Amino acid sequence: MNKILLVIQREYLARVKKKSFLIATLLTPLIFPAIMGVFVWIALEEKENQSLRIIEVIDETDLFFMESSEQYAFSSSDGDIDAAKKMVLEGERYGFLYIPKMDISQPGGIQYFGLENPSINLVSYLEGALKRKIEDQRLYEQGIDPKVLKEIRTDVSIQSITLGEEGEEKINNATVNYALGFLSGILIYIFIFVYGNQIMQGVIEEKSTRIVEILVSSLKPFQLMMGKIVGIGAVGLTQFLIWVMLIGTLSSVVMGVLGMQMPQQQAMEMASPEFAQASPDSSELASMLEVISGIDFVALVGSFIIYFLGGYLLYGALFAAIGSAVDSPSDAQQFMLPVTIPLIVAYMGLFVFVLQDPTSSTSFWLSIIPLTSPIAMMGRISYGVPFWELALSMGLLIGGFLSTTWLAGKIYRIGILMHGTKPSYKTLWKWIKSSQ
């Protein structure tokens with residue numbers, strides 16, 4: 001055990017003392033907000049400097065009047081199609097919208113012409129505007145005044161409240177839950193990949209320089225593998241905890257400067273139906289702030305640490321095994337696919353299943369299976385997960401870590417001293433079955 005601790009200390013201090021670690025740890029919490037700020041600034045500048053785009057419209061039905069917006073203006077004419085296309089080619093018009101004569105009950109044949117592929121925003125805007133005009137016309141033909149229908153239409157906002165077993169009520173917000181699940185799952189995915197690759201690169205480097213032959217003369221290969229995995233994992237955990245403290249401090253400062261902090265009672269009043277009618281946007285903001293203030297961040301961070309460590313240790317052992325079996329990073333590519341496929345499945349499942357419906361059977365199994373649970377379960381936790389599911393997931397994750405560690409140890413103890421050969425999957429299987 002003392003030898004493992006010495007390896008852990010060596011791996012930890014060797015990385016923590018690097019200037020690159022300090023720079024990345026301190027600047028990362030500032031880099032992401034800065035990048036987002038730059039994107040927002042660029043978007044605002046583009047919106048401000050963007051010229052009005054004029055689209056020529058030829059409407060052979062005489063039913064459509066296209067309303068202009070801040071970005072697009074419409075010019076209607078009775079000219080022919082060739083003349084309108086010529087205007088586009090000469091740069092007099094940004095595009096040309098052609099609406100042929102058609103049966104309003106079965107609209108079709110509408111075309112848009114332009115010098116460049118239209119953006120999805122433009123296509124959606126045109127389709128939405130034409131759809132509303134067609135619906136209004138069909139209502140008019142049925143004897144219903146579209147103006148009357150427009151006046152009685154209204155927006156409805158539903159407040160989500162979760163009931164506890166003892167009858168307590170807790171306000172939820174799907175946007176906040178989605179954001180927390182998204183960030184937690186993505187961070188787990190990134191950490192596993194980044195620090196797992198560090199393990200593999202470190203093992204390959206020590207093996208190629210023959211340093212490992214000196215190390216294994218005084219300690220067992222399994223002790224070296226475990227020390228390297230735990231040491232690098234401790235580096236990642238240290239970095240994450242520093243990020244949490246920095247981001248928490250910066251968030252508190254920003255919220256204090258912007259005056260966004262408010263008592264919970266005031267947030268409840270702003271989230272009331274009366275206030276919602278007067279100021280819907282402020283009510284939504286107050287509801288989100290109340291949800292954020294009611295989140296148990298201690299439990300969330302604790303769960304993140306457990307799943308980060310469990311997922312990292314599970315995959316870290318496999319990355320160490322791959323590094324011990326090869327002599328160069330290029331040789332490791334053939335063994336990376338079986339390891340990365342479960343991570344990719346968990347990553348895709350996070351968006352397709354977990355964040356869309358966290359209570360579905362697919363989301364449940366993704367959060368239970370050890371190879372996918374670190375990412376999937378972190379996507380579900382913000383929505384609320386029964387205790388038995390959380391306990392089962394963590395228990396299986398621990399069992400998965402022990403299994404992969406045993407499996408990787410069988411490969412590591414032989415592969416770490418093998419040089420000059422390119423092992424195959426058949427060779428790895430022989431190493432696993434070997435007892436020597």
Side-chain angles (χ1 to χ4, degrees), residues 11 14-15 18 20-21 24 185-213 215-216 221-222 224-233 235-236 239 308 310-352 366 369-376 400-401 403-434:
E11 295 292 335
R15 286 166 171 79
K18 289 183 178 179
S20 59
F21 172 83
I186 291 300
L187 283 175
I188 291 283
Y189 175 80
I190 293 174
F191 278 147
I192 289 176
F193 251 121
V194 170
Y195 292 109
N197 271 284
Q198 285 190 17
I199 293 174
M200 186 180 70
Q201 295 292 340
V203 172
I204 293 175
E205 181 180 354
E206 290 181 351
K207 181 180 178 180
S208 60
T209 56
R210 302 298 178 98
I211 295 177
V212 69
E213 296 180 6
L215 294 174
V216 297
F222 183 81
L224 177 61
M225 184 188 74
M226 284 302 302
K228 185 173 290 292
I229 293 173
V230 176
I232 296 177
V235 174
Q239 198 168 49
F308 162 70
Y312 164 78
L313 293 173
L314 186 148
Y315 280 97
L318 297 177
F319 278 108
I322 293 174
S324 68
V326 299
D327 293 327
S328 65
S330 59
D331 296 335
Q333 298 304 315
Q334 61 174 322
F335 301 116
M336 288 292 292
L337 185 61
V339 177
T340 55
I341 283 180
L343 282 173
I344 295 174
V345 169
Y347 178 83
M348 297 300 296
L350 177 69
F351 294 98
V352 178
L366 285 173
I369 299 173
L371 291 172
T372 58
S373 63
I375 298 173
F401 154 62
S403 299
T404 55
T405 303
W406 173 83
L407 186 69
K410 302 277 282 186
I411 298 174
Y412 189 93
R413 62 189 174 86
I414 298 178
I416 197 66
L417 297 175
M418 298 293 290
H419 295 278
T421 60
K422 293 185 177 181
S424 61
Y425 287 103
K426 184 178 181 180
T427 304
L428 296 183
W429 179 243
K430 288 181 179 179
W431 292 354
I432 293 173
K433 292 192 299 180
S434 174

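All values reported here derive from a predicted model rather than from experimental measurement.
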>> List the residues meeting side-chain contact (heavy atoms from CB on, under 4.5 Å) with S373, not counting sequence neighbours, and say none if there are none.
In response: Y307, S393, L397
> With sequence neighbours excluded, what pairs up with W429 under the side-chain contact (heavy atoms from CB on, under 4.5 Å) test?
Replying inline: I432, K433
In residues 330-344, what donor-acceptor pairs under 3.5 Å come from side-chain atoms, sequence neighbours left out?
from : atom 1 : to   : atom 2 : distance (Å)
S330 : OG     : S328 : OG     : 3.1
D331 : OD2    : S328 : OG     : 3.0
Q333 : NE2    : P329 : O      : 3.4
T340 : OG1    : M336 : O      : 3.0
T340 : OG1    : L337 : O      : 3.2

>> Among residues at least two apart in sequence or on other chains, which ones pass side-chain hydrogen bond (donor to acceptor under 3.5 Å, both in side chains) with Q198?
In response: none
>> Are the side chains of F401 and T405 in contact, using a 4.5 Å heavy-atom criterion?
In response: yes
>> If I compare all heavy atoms of L428 with all of A325, which pair ends up nearest, and what's the gap?
In response: CD2-CB, 3.8 Å
Could you go through residues 310-323 and list every donor-acceptor pair under 3.5 Å that involves a side-chain atom there, pairing it with any protein atom two or more places apart or in another chain?
from : atom 1 : to   : atom 2 : distance (Å)
Y312 : OH     : I229 : O      : 2.6
Y312 : OH     : G233 : N      : 2.9
Y315 : OH     : L371 : O      : 2.6

> In Å, rounded to the nearest 0.5 Å, how long is the span from CZ of F308 to CG of L187?
Replying inline: 10.5 Å
> Would you find a donor on one side and an acceptor on the other, under 3.5 Å apart, between the side chain of K207 and the backbone of S324?
Replying inline: yes
> Say you draw a straight line from CG of L224 to CD of E206; how long is it, rounded to the nearest 0.5 Å?
Replying inline: 6.0 Å
>> Strictly distance-based, threshold 3.5 Å: is any side-chain N or O of T372 a donor or acceptor partner for the main-chain N or O of L366?
In response: yes
>> Run the side chain to side chain contact (heavy atoms under 4.5 Å, CB included) test on Y195 and I199 for me, step by step, so that the C-alpha distance in whole Å, both residues' side-chain angles and the decisive distance to 0.1 Å come before the verdict.
In response: CA-CA 6 Å; Y195 292 109; I199 293 174; 5.9 Å; no
> ring-ring contact (aromatic ring centres under 6.0 Å, His included) with Y347: which residues, sequence neighbours excluded?
Replying inline: Y189, F351
